[in-house]
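See structure below.
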There are 2 protein chains.
Amino acid sequence: MADRKLQVIPLGGLGEFGMNILALRYGDDIIVIDAGMMFPDDALLGVDIVTPDLTYLSENREHVRALILTHGHEDHVGATPFFCAEFDVPIYASAFTLALVERRMEEHELDHRVQFRPVKPREVVDIGPFHIEFIHVTHSIVSALALAITTPLGVVIHTGDFKVDPTPTDNELFDLHTFAEYGKRGVLLLLSDSTNADRQGYTESERAVRPRMEELMERSPGRVIVCCFSSSVHRLQQVIDLATAAGRKVAFLGRSLTNVTEIAHSLGLLEIPDGTLIRPSDIMQMPPSKVAVVISGSQGEPMSALSRVSVDNHKHLSVQPGDTVALSARIIPGNEKAIFRMIDHLSRRGADVQYGTMKPPLHVSGHGSQEELRLVLNLVRPRYFMPIHGEYRQLSKHARLAEHLRHAGLEEIFIVDAGEVLELDDAGARKAGRVPVGRVCIDSGTVDEVVEDMVIRDRRHLSEDGIVLPVIAINRHTGRSETLPEIVTCGFASAEDGSGLLQAARQVVARTLEASSEEEKGDWGVIKEKVRADLRRYLVKQTSRRPLIMPVILEV
Amino acid sequence: MADRKLQVIPLGGLGEFGMNILALRYGDDIIVIDAGMMFPDDALLGVDIVTPDLTYLSENREHVRALILTHGHEDHVGATPFFCAEFDVPIYASAFTLALVERRMEEHELDHRVQFRPVKPREVVDIGPFHIEFIHVTHSIVSALALAITTPLGVVIHTGDFKVDPTPTDNELFDLHTFAEYGKRGVLLLLSDSTNADRQGYTESERAVRPRMEELMERSPGRVIVCCFSSSVHRLQQVIDLATAAGRKVAFLGRSLTNVTEIAHSLGLLEIPDGTLIRPSDIMQMPPSKVAVVISGSQGEPMSALSRVSVDNHKHLSVQPGDTVALSARIIPGNEKAIFRMIDHLSRRGADVQYGTMKPPLHVSGHGSQEELRLVLNLVRPRYFMPIHGEYRQLSKHARLAEHLRHAGLEEIFIVDAGEVLELDDAGARKAGRVPVGRVCIDSGTVDEVVEDMVIRDRRHLSEDGIVLPVIAINRHTGRSETLPEIVTCGFASAEDGSGLLQAARQVVARTLEASSEEEKGDWGVIKEKVRADLRRYLVKQTSRRPLIMPVILEV
């Protein structure tokens, strides 16, 4: 292999949202930065999660030296179990990030083979020709790291995800000094987070949610139910502090919330005063004004805790007039309809639902806006700049933000798509070819089934297993399905052996409908998910095949 | 029928977004306020527009006296042609609203039977027991009216859609005085627009978009391409004025834009200085810095002008680096993915795309926020209040905004769903039963086919015409469809007569794919729409049947 050549190879997360993974190669040594997953599009028809195609790494298996995780968000670590199933290399990350990954590994029964290497900010490790310093950055999750990677050709800075929060709730400041030091000494290439490159100004500090949250805790006559991402430890800390100050006990609903709080508490990252927590089963036993609930499901996921609460189908919480529901999370594009439907249900039960943008805010982003991106660009003053983490529109906005640095040593900006290779050597930098990239779709049934039933399926196998469409006609006036559901198939069951199976499958769908409440039937997202899960279970059992199941609901 | 009983019967637009229509009945007389359509959900699988079920009105045909339109937006007038096909009664509205409706009627060849009754603000008409005064309100469309309807039981105020714009661009102020006068004399019931009831503060004036628009017109090195709703006459006026001041000529792209500007110009509502306009075919002949284009397609509709421009498939406009595209419209929830995909395409062509919230803004809403809703509530001080125009979450927020009026004579607030009847008499007000409501789905092919090919289809007929699913496998790496598309059907063609037809249909789909550019194939929204349109044309011609066509694209 040519010496003195550095290749930057994004395998996901550029030109698409989520699924961040990037390989850095010098000669015969490859390090991989992040291994994230993506939440799938409706267009992917019932797939549960999407992970990056690792073909490039498999083809260069003997050169892969390590995986480095910048922070614990799913779009940066969610594919780690699948990565570890293939590559037996050490994983470097903060203790908190590793603990989150470890929990995932246990679920996949993969933990025995993983070499975890916890690192701290300012710590340095050497991996082949790469000399890596970890740098503390502020983000919506705790223990987020940027990387300064010194290579024989120069320094590459990878920001991970960040905002420049001037007043973080844990008082751990963004390490501006180390960025400045590298900038002063000279940086070859900056890879910087573009998620909010289309937002003007500064992102507000995490502390900005405090006034609104405080008001809700103190003034709400009933329960305060806060819905946020389970990994938002700073947010959880504020909820716990403010609930306690207002004389409320706190319950957590949702398995991932319970996991994260246990981990964060054990690592000293989340303070929970004794006597603060109550069990989910105690929620309805306490006076409503003495309770705060933290709940998962901010994206309206059909089987999430908050979705189930919204249709009054959760065993531990029934929302009543007087209760306040605070949606303290962003809306991921594509989820609006599901979220708004959930808000409508909660409003109908009499809850005062607080959502959307407001001042003071109920939610602030974890990603830096344009002025913070400019600040990092100006501190680092790289020779080359490549925006990362974003769809094309964000990457191109970020590129425009760097234009003024052309007067300060910036030679070129590269907007690179996943799969394109950026090559750097003594002569400069340029795009140089492509490597295979793609999405691997993973069916895992409903959220509760993830553990027992994780099967990696590539849609390439579709032709083998076929498609099954249960077609359900629901009478708009009665809300009932008055005829037996139809089942249409393609490439699944041949006529002679299939008719009995499909007749039975129609009964399975009919039973799912009968077992569902009126409100669930009114919410097509929920009912489709239930039909899909039950039918899949049935078909796998009967045929050992896993067709694509795509429920169709018709209003008649 | 019982005397001295007033019934308020919302037939659409409450508990759902769009499709506003409300009947007011006193004894044997019914007036209908607005007849709107709804843009359908993805869940409705390829239906083009949705109109309200008029069963209640049909069953009371002999009592229907008039249709009154508050303003010309599609969610208030879009179902008028279907209404007029059934009911031969006069239509009262502003001249501008009537002109928009007339254009639609001509397209449906329905104009001969319609009695148009233009009205002006402060004008009064008597229809049976209803004495109706029209009141000028500010909104994103010109000539918007509220109604003060004096009945034997008291006054009902219907706000239509409004904001309280303190500095409207046409200097026609919101008629606060007339609202105040009625409020002073006593109002029985207020029906008020809830669209923005979940937004704090005041909505900015239409004039607030001026600074940003001015900057773009003056500073952009290339073309300035502004995308807004065609009915936003105030916005169009500002674009024309600022483009002219910056030395740019203006072209309109999109049929509805051309229609609206012609109508507004002929009524003196839009000033276009001589020599300002250029034809679409001249756009690419002029120096880019001398051109501004107003274009339709702000919601990423697959066949709209801007969508076609984004994949470089428009005969009159090819976007180049240096051009600026300004999205000056709201994102209707559910359309985010299509819009972001369009922005990504435009960014890839090198355009500087301005979108999203920013200060100063590129777009302001036409609907009043919480403080404006409170202002109208306080001016009117009704005895009963019923929020209208919104999903349940907005209606319930609006209801909460009125709580303080309980100290000022407000007796009760009714959150009413479409189909529920609010009954008022000497004893008070109460919900009293339901009438049939629902959605009628209309297939009209692509936007261009609306005129020639308008067929009213209720999905109840689905069992007759069946479902056809073209299943297209696209290779992610090559972007090509390498095998002949499959076609799955349900209830459409029986095996013996169908196989030849379906073989031919597979060829039709394959030809559509071949005739599409790489970029179109990369945009599943576009390709699905094209496949659907071509296949429908073929199947209608061959079989005279109109199955539901639902293209499925699989990435392999």
Side-chain angles (χ1 to χ4, degrees), chain A residues 15 41-45 198-201 331 333-334 336-337 340-341 343-348 350 352-353 355-359 391-397 400 436-439 441 458-460 462-463 467 469 471 473 476-477 483 486-491 524 548 550 552-556, chain B residues 15 41-45 198-201 331 333-334 336-337 340-341 343-348 350 352-353 355-359 391-397 400 436-439 441 458-460 462-463 467 469 471 473 476-477 483 486-491 524 548 550 552-556:
Chain A
D41 224 80
D42 287 349
L44 286 173
L45 302 172
D198 49 11
R199 297 209 198 157
Q200 287 181 320
I331 294 180
E336 292 79 5
K337 290 212 160 185
F340 289 144
R341 207 158 44 201
I343 296 172
D344 285 331
H345 285 308
L346 290 165
S347 303
R348 280 181 194 273
D352 181 5
V353 189
Y355 62 95
T357 51
M358 57 181 84
K359 282 185 180 178
E391 304 212 48
Y392 198 93
R393 61 188 180 279
Q394 281 105 16
L395 303 180
S396 63
K397 288 274 178 200
R400 284 174 198 274
V437 289
R439 301 175 189 182
C441 300
D458 193 319
R459 285 285 174 241
R460 258 163 273 196
L462 188 71
S463 51
I467 310 178
L469 296 105
V471 181
R476 182 170 163 80
H477 298 295
T483 54
E486 293 288 339
I487 294 199
V488 187
T489 68
C490 169
W524 295 3
L548 179 65
M550 197 173 79
V552 177
I553 297 184
L554 298 169
E555 221 173 33
V556 293
Chain B
D41 223 79
D42 286 350
L44 286 173
L45 303 170
D198 49 10
R199 298 208 197 159
Q200 288 181 318
I331 294 180
E336 291 79 5
K337 291 213 158 184
F340 289 143
R341 208 158 43 202
I343 295 172
D344 285 331
H345 285 308
L346 291 164
S347 303
R348 281 181 195 274
D352 181 5
V353 189
Y355 62 94
T357 51
M358 56 180 85
K359 285 185 179 181
E391 304 213 48
Y392 198 92
R393 62 188 179 280
Q394 282 106 14
L395 302 181
S396 63
K397 288 274 181 201
R400 283 175 199 274
V437 290
R439 300 175 190 184
C441 301
D458 193 321
R459 283 290 175 236
R460 258 164 273 196
L462 188 72
S463 51
I467 311 178
L469 296 107
V471 181
R476 182 172 163 80
H477 299 294
T483 55
E486 293 288 339
I487 293 198
V488 186
T489 68
C490 170
W524 294 2
L548 179 65
M550 196 174 81
V552 177
I553 297 184
L554 298 169
E555 220 172 34
V556 292

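Order of the sequence lines fixes the chain letters, A, B, ..., with proteins taken first and strands second; residue numbering starts at 1 for each chain. Please read all numbers here as calculations on a predicted model, not as lab measurements.
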Approximate separation, where rounding is to 0.5 Å, of B/S347 OG and A/E391 CD: 10.5 Å

Enter the distance from B/M358:CE to A/R199:CZ here, rounded to the nearest 0.5 Å. 12.5 Å

In the structure I gave you, are the side-chain heavy atoms of A/R400 and B/D352 within less than 4.5 Å of one another anywhere?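 Touching, per the 4.5 Å side-chain cut-off.
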
Among A/I343, A/V353, A/D198, single out the residue with the greatest number of heavy-atom pairs under 4.5 Å to chain B. A/D198

Of all of B/R393, B/E336, B/K397, which one pairs up most often with chain A through heavy atoms under 4.5 Å apart? B/R393

Looking only at B/Y392, B/Y355, B/F340, most heavy-atom pairs under 4.5 Å shared with chain A are made by B/Y392

Which heavy atom of B/K359 sits nearest to which heavy atom of A/Q200, and what is that distance?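 Where B/K359 meets A/Q200 most closely, the heavy atoms are N-OE1, 2.7 Å.
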
